[in-house]
Amino acid sequence: MASLRATPEHTATGSGASGSTDMAVRENEERLDLAVKGSNQGVFDMDVRRDGLYLSPRARDILGLPPDAPVDVRHAFWEVLGGVDRRKVAAARKLLVRGNGTPIDLDITLRQPDGASRDVRWHGLAIRDDAGVVTRVVGMITDVTEHKRSERHLRLAAAVFASSHDGLVVTDLDAVISAINPAFSQITGYAEDEILGKTMRTMHSGRHDREFYRAMWGALTSTGVWQGEIWNRRKNGEIFLQQLAIRTVYDDKGAPQNYVGAFQDITQIKHSEFELDRIAHYDSLTDLPNRTLLASLLDLAVARAGKSCAVLFLDLDRFKTVNDSLGHMAGDTVLKAAADRIHAALDGDATLGHYGADEFVVILKEIEGPHDAAMTATRLIDELARPFTVGDGEIYLGASVGISLHPFDADDAAQLLQHANTALAEAKAQGRGIYAFYTQALTRSARVRMEMEADLRRGLAREEFRLNFQPVVDLSSGRIVGAEALVRWQSPALGLVPPNRFIPLAEETGLIEPLGDWVLEEACRQMVHWTEAGADLDFIAVNLSPRQFQRGALCAHMEDVLRRTGLPAARLEVEITENVLFGAAASAERKLHDMRDSGVRIALDDFGTGYSSLAYLKRFPISKLKIDRSFVHDLPRAADAEIATAIISIARALGLDVVAEGIETPEQCAFLKGRGCGYGQGYLFGRAVTSERFLHLALQGPIVVAIAHPGSALLH
């Protein structure tokens, strides 16, 4: 078969420009030949018009053809292909002829004359003349048999790695973990995303000294292998025994590249040894973690990235007197009872340990702030202030608590324990039966908060709360149509306490329920009183907190209040915020419908500031929207104007009333009225006032406000 390459017979000789050109051509051909030989790829060049085909020596070798054997152009690949691959090649030829000049790659299998097969990657490109007609097809064929075999071996190795019952781990030379198998996670408790990138030191148990690890790494360095038993720690802090084998993986130059570890959990096999370990890590009297295990567990808590934790060091007051007067057996009884009380008073994610003698340590693994630690400490002090029964009598001990916080007070477990112990000494110095933070500023802040909670409880009992009422006005007529009840706290100790200080605290501590009950009943009584005095009012509005809303017997309680006060249900309006509705369950939806069916109105307060959704307005029986004051403050500026207008339009389309909060200027009032807002409240109409003052305003008649005309330049 004729070659498409130029041969010596076709090459002119001579000197001058022509000779230089020929020499350059030969040099280019030599370079091409060398490049092709160096790439280990076969080259083919098919002349479509002349049925000519050139195959490089490597191409012939891959196809299994002798160096000088003639080749049938039309069947060059056909005879060495199976049925599936023939269809692939046929389709590829069509694409090359009809395509847009894009090269085509195929992975095919060739059958050799000796029966062997080769995996080949075929790359072809069609060459066209000026008329767009294909004149040549050129390309390369590459033997990828070894590559494919390596891929298959890798897939097989991956399957073995994944299905092995042994825990398998791959690390770099610094013991940083790069791969684990499912059995690793099952045994240790660490998921892949929790352990990758960490070092094997994450699981250190603390049972082995530096000499143990020095010998292990020495064996790996000298022989490339280490195997033996090792104590490690699961994610939950539990220590377990491994049968571990580590091997060094070398690169093609013989340099260490990775370590591969394979291990089994042999804890159950060596149960007796594990029991000995438990004795070493748990207190025999209280069965609580001892100081050794506490240090390990505190290490774990401190290692949790981005999490704050607290250490509470607790000491029983006057415990020495029990041992001295009643004996050590009585002392042991008291210690066990104290441990049970502390454990019962803690949340599920807290860790309690017996540090020694009459000292206990509590680890709060995740806290939002110092107040969490303070609340826990107060709860423990209260529990231990109750009398202990010993024999036929009772004894009173009490407790003091020192608190340190991570990462604010220290970065490691030892310092946290030390600082908590220092804080404990401070608590004892201040009179016992109290807690103290390691940082005095935190002690004062937390104490103020706890004192306010106590004052709040006393304030409810002493009836230190009162209601003020802010008028809600019909913007069209100026008539006062209702009032919003706002609670105020006049504390003898703290003075007038702003709602933003005591309402969140009441919500958090659960005091919002008795406070909310008082507000609801008092507001209903005032509404009845105003009506009997001749005031023409449509409703009294009472805010309902999320915690009140979650109350199971809310509707029954509300009906009971209406019955006792004599207020018609239609004149009570409850205001809820959007976060009450967000993700509301079916029970919450039923509660709102029951409320509506009883005649009570429902208003959605602060609309637009939370998880605003039109779905709420369709799904829940809401009769009124309240535009938050943040959208009224800058009216009639463009951004707020567009938001307020949109809310009003949505409400009107759904047949809902609209109340704008925080109206302070005539311009704001005129804008809202001009956009169709029906009602408003704010300082323009009056601040929140006492019941007597509000009755006077309601009987006085419509509120007259100098309002700019909607077309006034003041509004644009």
Side-chain angles (χ1 to χ4, degrees), residues 468-486 536-543 573-578 581 601-614 616-618 620 622-689 694 697-698 700-716:
N468 281 0
F469 302 90
Q470 186 169 39
V472 179
V473 177
D474 185 324
L475 297 184
S476 297
S477 64
R479 181 174 75 90
I480 297 177
V481 295
E484 179 179 357
L486 302 171
D536 181 19
L537 299 171
D538 296 338
F539 64 89
I540 179 71
V542 178
N543 290 282
E573 183 176 280
V574 295
E575 297 184 2
I576 59 176
T577 54
E578 294 176 76
L581 302 181
R601 306 184 192 185
I602 302 168
L604 188 57
D605 197 10
D606 301 335
F607 185 75
T609 61
Y611 306 99
S612 301
S613 169
L614 295 180
Y616 297 154
L617 307 183
K618 294 174 59 180
F620 301 109
I622 297 165
S623 59
K624 182 181 292 183
L625 293 185
K626 299 193 72 173
I627 303 176
D628 187 71
R629 65 184 65 248
S630 62
F631 301 130
V632 175
H633 183 267
D634 290 329
L635 288 179
R637 293 184 182 176
D640 285 344
E642 291 176 1
I643 294 173
T645 301
I647 294 174
I648 295 168
S649 299
I650 291 170
R652 293 182 64 183
L654 295 173
L656 306 178
D657 292 333
V658 184
V659 181
E661 298 180 299
I663 300 177
E664 299 180 0
T665 68
E667 291 79 10
Q668 294 170 346
C669 184
F671 177 87
L672 292 162
K673 179 181 177 182
R675 295 304 187 276
C677 181
Y679 305 98
Q681 63 185 95
Y683 292 164
L684 180 64
F685 311 112
R687 296 174 180 268
V689 294
F694 181 84
L697 291 173
Q700 188 173 288
I703 295 177
V704 179
V705 178
I707 301 179
H709 187 274
S712 170
L714 289 171
L715 304 183
H716 300 281

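Quick caveat: nothing in here was measured; it's all calculated off a predicted structure.
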Among Lys624, Arg479, Arg601, find the residue that satisfies the salt bridge (Lys or Arg N to Asp or Glu O under 4.0 Å) test when tested with Asp538. Arg479
Tyr679 to Asp474 - nearest heavy-atom pair and separation: CD2-CA, 3.8 Å
With rounding to the nearest 0.5 Å, note down the distance linking CD1 in Ile622 to CG in Leu604. 4.5 Å
Donor-acceptor pair, Glu575 side chain versus Ala541 backbone, under 3.5 Å? no
Nearest non-hydrogen partners of Pro702 and Ser477, listed with the distance: CB-O, 3.5 Å
To the nearest 0.5 Å, what is the distance between CD on Gln668 and CZ on Arg629? 10.5 Å
Spacing of CG belonging to Leu656 relative to CD1 belonging to Ile647, to within rounding of 0.5 Å: 12.0 Å
Is there a salt bridge (Lys or Arg N to Asp or Glu O under 4.0 Å) between Glu573 and Lys626? Walk through the geometry before answering. CA-CA 12 Å; Glu573 183 176 280; Lys626 299 193 72 173; 5.9 Å; no
Which distance, rounded to the nearest 0.5 Å, do you find between the SG of Cys677 and the CD1 of Ile663? 6.0 Å
Is there a side-chain contact (heavy atoms from CB on, under 4.5 Å) between Glu484 and Asn543? Walk through the geometry before answering. CA-CA 8 Å; Glu484 179 179 357; Asn543 290 282; 2.9 Å; yes
Between Leu672 and Ala644, the two heavy atoms sitting closest are CD2-CB, 4.4 Å
Over all atoms of both residues, closest heavy-atom pair of Ala660 and Val632: CB-CG2, 4.2 Å
Specify the closest pair of heavy atoms between Ile627 and Phe631, including all atoms of both residues, with the distance to one decimal. CG2-CB, 4.0 Å
Say whether, by atom type as modelled, one donor and one acceptor occur between the side chain of Ser623 and the main chain of Ile602 under 3.5 angstrom. yes
Taking Glu661 for its side chain and Gln681 for its backbone only, find out whether a donor-acceptor pair lies under 3.5 Å. no
Straight-line distance of Phe671 CZ to Thr665 OG1, nearest 0.5 Å: 11.5 Å
Working note: Ile480 + Phe694, criterion side-chain contact (heavy atoms from CB on, under 4.5 Å); need CA distance, chi angles, decisive distance, verdict. CA-CA 10 Å; Ile480 297 177; Phe694 181 84; 3.8 Å; yes
Where do Leu475 and Phe685 come nearest, in terms of heavy atoms and distance? CD2-CZ, 3.7 Å
May I have the step-by-step check of side-chain contact (heavy atoms from CB on, under 4.5 Å) for Phe469 and Ile540, ending in yes or no? CA-CA 9 Å; Phe469 302 90; Ile540 179 71; 3.9 Å; yes
Atom pair CD1/CD1 of Ile643 and Ile648 - distance to nearest 0.5 Å: 12.0 Å
